[in-house]
Amino acid sequence: MNEKNTGGKNSPAESSSLNFIEQFIEEDIREGKNDGRVHTRFPPEPNGYLHIGHAKAICLDFGSAERFGGKCNLRFDDTNPMKEETEYVDSIKEDIHWLGFDWEDREYYASDYFDKLYDFAVDLVKRGLAYVDDQNSEQIAAQKGTPTKPGTESPFRNRSVEENLDLFTRMKAGEFNEGTRVLRAKIDMASPNMHMRDPVIYRIVNRAHHRTGNKWHVYPMYDFAHGQSDYFEGITHSLCTLEFEVHRPLYDWLVDRLRTGDYRPRQIEFNRLNLTYTVMSKRKLQELVEEKLVSGWDDPRMPTISGLRRRGYTPESIRNFVKTIGYTKVEAINDFALLEHAVRNDLNAKAPRVFAVLDPVKLVITNYPADKEEEMELVNNPEDESMGSRKVPFSNELYIERNDFMEDPPRKFFRLGPDREVRLKGAYIVKCTGYDKDEETGKIEKIYCEYDPDTKSGGPAANRKVKGTLHWVSVKHAVDAEVRQYDRLFNHEDPMGQKGHDYKEFLNPDSLEVLRNCKLEPSLADVKPLDKFQFQRLGYFCADKKSEPGKPVFNRTVPLRDTWGKMSKK
RNA sequence: UGCUUCGUGGUGUAACUGGCAACACGUCUGACUCUGAAUCAGAAGAGUCCAGGUUCGAGCCCUGGCGAAGCAACCA
């Protein structure tokens, strides 16, 4: 298909193509750290659907492991029973597989480690490194200080080990109400790093967990679960986004108090993915779903994996996109055009070409016998001969695109107009001899043409030059369809970054246009969901999941590049 | 008046242990074309946040500024 390597089975390549994280990994291997092992993990919280930002993380976690001959675990970070659900677990697994990655039998859950985590917490208490605090969250927050002012110590900080043990045991047993007590690590209330000021490591939650049910009344915080889970699984490189940079000292502090040998996981942070004209936080996406501003997590306008899939994006296009944007520590906003380029590039090679008229107007060929029909042979994909060809029925009445005709066209308009000639792709050259117009609305009702029999594709006069080539669909053979044309969800490049404005103010009112009177060539009657095509001269389209035999529904993935569209706007 | 991190064309990334700033997208030309697509050829566009310093030579090293982001959830 092309000369690019598709990101599958690479051997450790020349270091020039390694990103900064892979360079670290390579160094660690060279220095023999952790016996030269490479073992990563992708740790989603099952509280929402995955988006393309997660795809970036997935490609790194699975990709770098693969690159260095290591493994990558899937681990659900399910330490908060208030927000997590099995529905999300299933969608996450589906999305990762769809992207082309596999965790084999290594599907883990932070909740698998609740017992070990609890034991470790007890151990910290016994070592005088953790204590139960009876204060509420407001009081604790007040003592925390601010980034510029040190905190003050809790009055409960120096309880006896026995009392701490007793209290923590009773917290676990469910003797106390939520919010009445927490377990805190005893580190340093004056640390310049807020996360080291005696962080809360266990809180009381009286709520069933999606996997452990009602077994627990205390649940570990993220910081008390993540690094230790890495440690339990033998993870060597724990890759996460920049905002966790300040957590790293705590990560290391805990791992150092847990480990018994030389092995230790290393956390490395990279920049998260931002895209223009969209939002990327799970919370914001959830808001769009809950407030019905989109049709669901898999609305084709959503930057979710499931949304992009439904929109018609291919896994390869997403992986290639991720490869081109790279991994750094700079907070960047990527141009949406880069993503669009990635799909066009992939679909150009793969998608069969077909004829679809989205905004039809009738064209009658007056000198073509009304009872005649021909089958025109059309190439399925000029980029790939192996995709063969198909027959498309032709007759005297056709649909063409309404905007392919102008009553009074400018000279640069290469399409149909009075007395003008165009090529009907794969068929004949026709000349416009007249048209009907509804004088009241100004709407063109019908266009009349004459064809030249010698100009049939492959025929004697087929090489005659005409300015334009149009796609068409035979009226009597046409299949009716609904086509949804999508545009960017927001009409501002950076909807989140506008001070004093809610991002929802920037929702694009025209992000969805539903066309219900589309005419397709007959080969498209029975498409299956996710089938992808290039509607010739228009763009790439993908059959929607709700598409049914005889009643196709298509989503526009991305339009073709449109030089004329740009010219005509000027 | 803290800590951490970052600062290369419009956007995103490169530039091995210092050697005349490269690639992709986007933009604009032109060629070709039975998709105004794709393809091909070419152009414009940064002197690397600023100021000093080291050096024959600095985007890379040093010093000092300036700017931006993250950090004060019993979220992850």
Side-chain angles (χ1 to χ4, degrees), chain A residues 14-17 19 43-45 47 77-80 82-84 133 136-137 140-142 144-151 178-184 191-197 200-205 218-219 221-223 225-226 240 242-249 269 271 276 282-283 324-342 344-345 348-349 353 355 378-379 382-383 412-415 422-427 429 455 457 462-471 493 534-539 559-568:
Chain A
E14 63 284 18
S15 67
S16 64
S17 65
N19 62 51
E45 182 188 14
N47 68 340
D77 224 327
D78 57 349
T79 56
N80 186 354
M82 312 287 285
K83 309 201 300 190
E84 294 147 8
D133 196 327
N136 60 38
S137 56
I140 292 177
K144 201 109 191 182
T146 70
T148 51
K149 285 184 212 97
E178 284 181 16
T180 56
R181 264 170 256 258
V182 291
L183 185 71
R184 293 227 253 167
S191 170
N193 183 329
M194 298 293 287
H195 297 277
M196 299 299 270
R197 322 241 261 229
V200 172
I201 56 178
Y202 262 95
R203 78 286 214 187
I204 299 170
V205 181
V218 288
Y219 291 89
M221 300 289 292
Y222 163 83
D223 283 309
H226 200 90
C240 61
L242 255 22
E243 65 270 29
F244 292 100
E245 205 145 28
V246 285
H247 291 243
R248 194 175 350 122
E269 310 84 12
N271 63 346
T276 54
K282 236 193 253 180
R283 215 189 117 244
T324 53
I325 62 171
Y327 299 86
T328 67
K329 305 198 74 160
V330 184
E331 292 190 45
I333 303 182
N334 296 277
D335 195 335
F336 203 86
L338 225 51
L339 217 208
E340 294 191 324
H341 173 262
R344 286 199 188 100
N345 198 39
N348 177 49
R353 273 59 170 169
F355 286 166
L378 272 298
V379 171
E383 307 285 327
K412 296 274 242 171
F413 186 76
F414 297 161
R415 309 176 188 181
V422 292
R423 151 84 51 193
L424 294 175
K425 188 173 172 68
I429 292 175
T455 58
S457 295
N463 290 330
R464 221 169 86 206
K465 297 292 175 203
V466 287
K467 352 174 175 184
T469 302
L470 308 188
H471 60 280
E493 262 196 16
Q534 184 197 94
F535 286 2
Q536 203 103 129
R537 303 209 303 132
L538 299 175
L560 251 29
R561 289 188 67 222
D562 183 10
T563 314
W564 166 246
K566 275 178 207 156
M567 284 171 62
S568 57

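Any value given below was found using the heavy atoms of this structure, including those in side chains, with hydrogens, waters and symmetry copies removed.
The gap from the P atom of B:rC56 to that of B:rA43 amounts to 37 Å, rounded to the nearest Å. Spacing of P atoms, B:rA21 relative to B:rG26, comes out at 25 Å, to the nearest Å.
Pairing for B:rC3 goes to B:rG70, judged as Watson-Crick or G-U wobble with the two contacts each under 3.5 Å. Taking a pair to require two hydrogen-bonding distances under 3.5 Å in either a Watson-Crick or a G-U wobble arrangement, B:rC40 pairs with B:rG30. When Watson-Crick and G-U wobble pairs are counted only if both distances are under 3.5 Å, B:rA22 pairs with B:rU13. Across the strands present, B:rA46 finds no partner; the criterion is a Watson-Crick or G-U wobble pair with both atom distances under 3.5 angstrom. With both pairing distances under 3.5 Å, B:rG57 is matched to nothing as a Watson-Crick or G-U wobble pair. Look at B:rA51: its Watson-Crick or wobble partner, with both distances under 3.5 angstrom, is B:rU63.
Contact annotation: A:Thr146 side-chain N/O to B:rG2 OP1/OP2 distance is not under 4.0 Å. For the pair A:Asn271 and B:rG12, the criterion of a side-chain N or O lying under 4.0 Å from OP1 or OP2 is not met. Distances shorter than 4.0 Å separate some side-chain N or O of A:Thr563 from OP1 or OP2 on B:rA37.
Taking 90° from 0 as the syn/anti boundary, the base of B:rG47 is oriented syn.
When the options A:Ile201, A:Asp77, A:Asn80 are evaluated for a side chain to side chain contact (heavy atoms under 4.5 Å, CB included) with A:Tyr222, the one that passes is A:Asp77.
Here the side chains of A:Arg344 and A:Gln534 are not in contact, with every heavy-atom distance at 4.5 Å or above.
The side chain of A:Thr148 lies closest to B:rG2 when the candidates are B:rC34, B:rC74, B:rG2.
In this structure, A:Glu243 and A:Asp133 both approach RNA chain B, and ranking their closest nucleotides by distance from the 5' end singles out A:Glu243.
Both thresholds, 5.5 Å between centres and 30° between ring planes, are met by A:Trp564 relative to the base of B:rG36, so the two rings are stacked.
Donor-acceptor pairing under 3.5 Å, judged by distance alone, is present between the side chain of A:His247 and the base of B:rA76. Under 3.5 Å, the side chain of A:Arg415 and the base of B:rG36 form at least one donor-acceptor pair of N or O atoms. No hydrogens or angles were tested; on distance alone, a donor-acceptor pair under 3.5 Å links the side chain of A:Gln534 to the base of B:rU35.
Heavy atoms of A:Ile333 sit under 4.0 angstrom from primed sugar atoms or phosphate atoms, though from no base atom.
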